[in-house]
Amino acid sequence: MDAQRRTFLKSSAMAAAGSLVASGTSLSLPVLAAEDHLPDGDDVRWNKAPCRFCGTGCHVQVGVESGRVVAIAGDKAADVNKGLLCVKGYHVGGILYGEDRLTQPLLRKEGRLTEVSWDEAITIIAERIMKAPERFAFYGSGQWTIPEGYAAQKLMKGGLGNNQIDPNARLCMASAVTGFLATYGVDEPAGCYQDLDECDVVITWGNNPAEMHPVLFSRVTDRRSRGEKVMLIDIGTRRTRTTDAADEYLEMKPHGDVAISLGVMHLLVANENYDKAFVEKHCNFRGAEADAPTLHGEAISEADFRKRIAKYTPEHVEALSGVPAAKIRMLADLFADREIRITSLWCMGMNQHTMGTAINSLVHGVHLLSGHFGRPGDAPTSLTGQPSACGTVREVGTLAHALPGGRLVENAEHRQQCEELWNLRPGSINATPGYHTVKMFEQFTKPTAEGGDIDTMFVQVTNPGQTLPNLNALFNDKQGLEDKFLIVSDVYPTATTRLADLILPAAMWVEKNGMFGNSERRTQQWFKMVDPPGQARDDCWMTIAIAHKLLELGHEGMKDKDGEFIFAVRDDAGDELPVWEYEHYYDTNVDKHLFEEYRGFTTMKHKNLAPYDEYVKARGLRWPVVEQPDGSWRETRYRFSGFDDPFVAEGEEFDFYHSSSKDGRAQIWFHEYQPPPEMPDGEYPFWLCTGRVLEHWHSGTMTRRVAPLSRAMPTAYVEMNPEDARAANIRQGETVVIESRRGTAELPVWIDGRGRPPRGTVFVPFFDETKLINNCTLEAHDPFSKQPDYKKCAVRVMKQSGART
Ligand SMILES: Nc1nc2c(c(=O)[nH]1)N[C@H]1C(S)=C(S)[C@@H](COP(=O)(O)OP(=O)(O)OC[C@H]3O[C@@H](n4cnc5c(=O)[nH]c(N)nc54)[C@H](O)[C@@H]3O)O[C@H]1N2
Ligand SMILES: Nc1nc2c(c(=O)[nH]1)N[C@H]1C(S)=C(S)[C@@H](COP(=O)(O)OP(=O)(O)OC[C@H]3O[C@@H](n4cnc5c(=O)[nH]c(N)nc54)[C@H](O)[C@@H]3O)O[C@H]1N2
Ligand code: SF4
Ligand SMILES: [Mo]
């Protein structure tokens, strides 16, 4: 079985290598298959770590010799990947060794970057915060480790009483969070990856796991190669590698997903073949209030639901979505069949959506209404993209409105609980949520005199100068604003460090201790294996060092109510260890200390975590993890289901124990279809969709420095439909200008390339720093999640001569 999966992964890597032009020599680490895994020898020592990249959360074995990572192998002991890796995983060791790693703090003085000491750098930051603590903002990441995010969260919301902290995950899974909250009353999926081993049908709702979650996707293709029947239905706005593996492809117009899910529910209700017993026992119906809609909406009757959904006939859905009515009937028939098991997967197509919360809860609703829920293989599962979007952002609550463990800034009881757990003076936590990402950058790039009330921004483990939407308005406008100060911690020079006033060199991945939390609620741990280069240091250390400098400068918030430093770490004898001095940071395991403190927050929403040492032994554990009478710790695969979830009472089949209607039930939502925020017109006639490719990680800072990956996919491009290209007299490889109302990007054309967009649409990946497509994208966002829509806006394609198509 593993051999078949490996063949799939290898062939996708090789197909990658054949794309576009490729040349150059490579310096890369040896790639070892899992069975080549070496036992510790005199020279090479092996240790486990989760892969640095995607939310699949594979584990690798890292081979270290003479202080360097020298080899990577798939980890056979890991349940997620069973020894397999995708092409990025095999090359993950190489990301440490790009030639231009940042190794020294750099301060911009009169326009020039000058080396400064760490002490100087930390003092500058602390003094700026002291001057105006409320004007300081922290922009973080779903690639933060759990302890890094937890420390940042505590510094800001606990120590400074400042909620201006938000992560890049706002751009990524915020709509999944609000979707789950609207349906279950609590965040994160109920199912797990095992669903893919047990289902009869997989539906991808506008995502491309063949490239974005390749090892997970190979679980499905592998079953087929063993002769099992798994039907794959791909719904999307363009053909991708996932489509190539699909039995059915439903090509929809942007926002077609909303119409399709309504159409399926309409048919289930009209044909009276939904799961009445499940719905009667475990569900309520919900709709948005007519004026001032809220996240939890209002209860509606089943009759009302039927009335509202009546107009979403297959023919009406066809008109809205472009998907033939017969295909809508085919989908509804599948859902009406209780004998089969159906797993839905989605990612950015549904989250980067101005109806993101709505479409997430509608797809949950399709599963609830049809009773395809809570049995192995029957699950609506949102995938996260980043390695710790779940662990660090959703669970630790590093969003501007959240507190650890599923708590909310606006909730007085939640604030009080956090103040108690942190041993802070009552009232320390500010009751007003901070700015979401788009707003935070608007306030940073707006002149102070015009109300731009953020003046110092600390960016860690993210590259907003490339990845924010509408870059000209949200990032580039910072240029020339003398009183605005941008601090960036990164491992390489980036599009963001271009405008930074202070650059901090960071330790990355196995150069530090860490913990991630993947898409299936799995918390993972690894140890530092090699030293970072030069003066590069841990992000978590930076946060603690800033806090300690603030303490020295007399900031009262850096002390708890007994006068103790909020990040105090004591040894067994009770003496405080000076972990804010980097030479002493590894005198103890700061990660373990922070994690044990954080565990105290996790039980309220039944997201229980085991002690740190359990994660040292495991290849991750899925929460809730609960102690057994024999002292062992048991993970949970299926949440809310009586047969597996320890928090469902004995004898109960299901219990949605955080139900927003407080009756143990989940909510089936109705939402009216709304068109996308910007649509093609005479002036800007094409849809632009943006996204990713297999070989590169987001802004490409790491993967473009690994020669085999950058050779395989050297440059960004614009995918065009052959007929559109012909009509505009555009040739393969020709450079064109993509222009929206917000900006332009120049790209070579790839006709019928990796993906195949339908007529009237183009697609551009955003990994290439030299071709910034986010000059064109839109910051319009979902009203609840505040997640922007990168998947659709209107553009024109211009030949370089200036002619427009
Ligand atoms: N190789 C690689 N893997 C990655 C990453 C990476 O950078 N590189 N990043 C990770 C991260 S953080 C993320 S978030 C994921 C993203 O993973 P995916 O969501 O799978 O990938 P994207 O390329 O962002 O999304 C592109 C898809 O959006 C769909 N789409 C466009 N408009 C609509 C619409 O209106 N509705 C719906 N439902 N779909 C629509 C299109 O069909 C298109 O195929 O990948 C993760 N994995
Ligand atoms: N057009 C378009 N734009 C998008 C999207 C899209 O679909 N289309 N998707 C959005 C989504 S879903 C996401 S998740 C974001 C991702 O956007 P970003 O998070 O901005 O992209 P990354 O390239 O992952 O940035 C991570 C940065 O951290 C650095 N780094 C790596 N390891 C470390 C470390 O240990 N410490 C520190 N300090 N730095 C480190 C890397 O060099 C890199 O610069 O992009 C968003 N932007
Ligand atoms: S699928 Fe994701 S986690 Fe697994 S090896 Fe590839 S990039 Fe890493
Ligand atoms: Mo993402």
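Every number for a ligand or one of its atoms is a count from 1 in the order of the listing. All values below were derived from every heavy atom in this structure, side-chain atoms included, with hydrogens, water molecules and symmetry-related copies excluded.
- The heavy atom nearest to atom 1 (N) of ligand 2, out of those in L171, T777, N774, is found in N774.
- Side-chain polar atoms of E769 and Q466 form no donor-acceptor pair below 3.5 angstrom.
- Within the 4.5 Å cutoff, the side chain of L216 has no heavy atoms near those of the S218 side chain.
- Taking atom 7 (O) of ligand 2 as the reference point, the nearest protein heavy-atom neighbour is K791 NZ, 2.9 Å.
- Side-chain contact check for K48 and Q525: at least one donor-acceptor pair (N or O, by modelled atom type) lies under 3.5 Å.
- If you number the atoms of ligand 2 from 1 as listed, the ones under 4.0 Å from a heavy atom of W697 come out as 24 (O).
- For atom 8 (N) of ligand 2, the closest non-hydrogen atom of the protein is T690 OG1, 2.9 Å.
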Side chain to side chain donor-acceptor pair (under 3.5 Å) between S699 and N463: does it pass, once the steps are laid out?
-> CA-CA 7 Å; S699 62; N463 187 4; 2.9 Å; yes
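- Taking any N or O of N168, backbone or side chain, at least one lies under 3.5 Å from an N or O belonging to ligand 2.
- Ligand 3 places these atoms under 4.0 Å from at least one heavy atom of G57: 3 (S).
- Closest to atom 12 (S) of ligand 2, if we only count protein heavy atoms, is R692 NH2, 3.0 Å.
- With respect to atom 23 (O) of ligand 2, the closest heavy atom belonging to the protein is S699 OG, 2.4 Å.
- Scanning the protein for heavy atoms near atom 44 (O) of ligand 2, the closest one is D490 OD2, 2.6 Å.
- Among all non-hydrogen protein atoms, the one lying nearest atom 16 (C) of ligand 2 is H698 ND1, 3.3 Å.
- For ligand 2, none of its N or O atoms has an N or O atom of T494 under 3.5 Å away.
- Contacts between Q352 and ligand 2, counted as non-hydrogen atom pairs separated by less than 4.0 Å, involve the side chain only.
- With a 6.0 Å cutoff to the six-membered ring centre and a 45° limit on the axis angle, R692 does not count as a cation-pi contact of F766.
- The ring-ring contact (aromatic ring centres under 6.0 Å, His included) with Y139 is formed by just one residue from the set Y435, F441, F458; it is F441.
- Because the distance cut-off is set at 2.8 Å, H213 fails to qualify as a neighbour of atom 4 (Fe) of ligand 3, as none of its N, O or S atoms comes that close.
- The distance criterion of under 3.5 Å between nitrogen or oxygen atoms is met by T467 with respect to ligand 2.
- The proximity of D539 to ligand 2, defined as any non-hydrogen pair under 4.0 Å, is limited to the side chain.
- The N/O atoms of S489, backbone and side chain alike, include one that comes under 3.5 Å of an N/O atom in ligand 2.
- Of the protein's non-hydrogen atoms, the one nearest atom 14 (S) of ligand 2 is Q386 NE2, 3.4 Å.
- Relative to the six-membered ring of F444, K478 misses at least one condition, a distance below 6.0 Å or an angle of at most 45° to the axis.
- The shortest N or O to N or O distance between A507 and ligand 2 is below 3.5 Å.
- The pair R622-E188 fails the salt-bridge criterion, with no side-chain N (NZ, NE, NH1 or NH2) lying under 4.0 Å from an Asp/Glu carboxylate O.
- Contact atoms of ligand 3 toward K88: 7 (S) (distance under 4.0 Å to a heavy atom of the residue).
- Contacts between T462 and ligand 2 below 4.0 angstrom, taking non-hydrogen atoms only, involve backbone and side chain alike.
- Residue contacts with ligand 2: R52 is placed with a nitrogen or oxygen under 3.5 Å of a nitrogen or oxygen of the ligand (distance criterion only).
- Residue-ligand proximity, V215 to ligand 3, at heavy-atom distances under 4.0 Å covers atoms 1 (S), 4 (Fe).
- Close approach to P214 involves these atoms of ligand 3, each under 4.0 Å from a residue heavy atom: 1 (S).
- The protein non-hydrogen atom at the shortest distance from atom 8 (Fe) of ligand 3 is C51 SG, 2.4 Å.
- Here C54 reaches atom 2 (Fe) of ligand 3: one of its N/O/S atoms is less than 2.8 Å from the metal.
- Residue, atom and distance of the protein heavy atom nearest to atom 3 (S) of ligand 3 are C58 N, 3.4 Å.
- Within the listing of ligand 3, atoms 5 (S) sit less than 4.0 angstrom from a heavy atom of G89.
- When hydrogens are left out, the protein atom nearest atom 43 (C) of ligand 2 is T701 OG1, 3.2 Å; that is the closest non-hydrogen contact.
- Both tests do not hold together for R219 against Y193: distance to the six-membered ring centre under 6.0 Å, angle to the ring axis within 45°.
- Ring pair H696/F767 is parallel by interplanar angle, where below 30° counts as parallel and above 60° as perpendicular.
- Near F53, meaning under 4.0 Å from one of its heavy atoms, ligand 3 places the atoms 7 (S).
- The protein heavy-atom contact nearest to atom 6 (Fe) of ligand 3 is C86 SG, 2.3 Å.
- Between M529 and V69 there is no side-chain heavy-atom pair separated by less than 4.5 Å.
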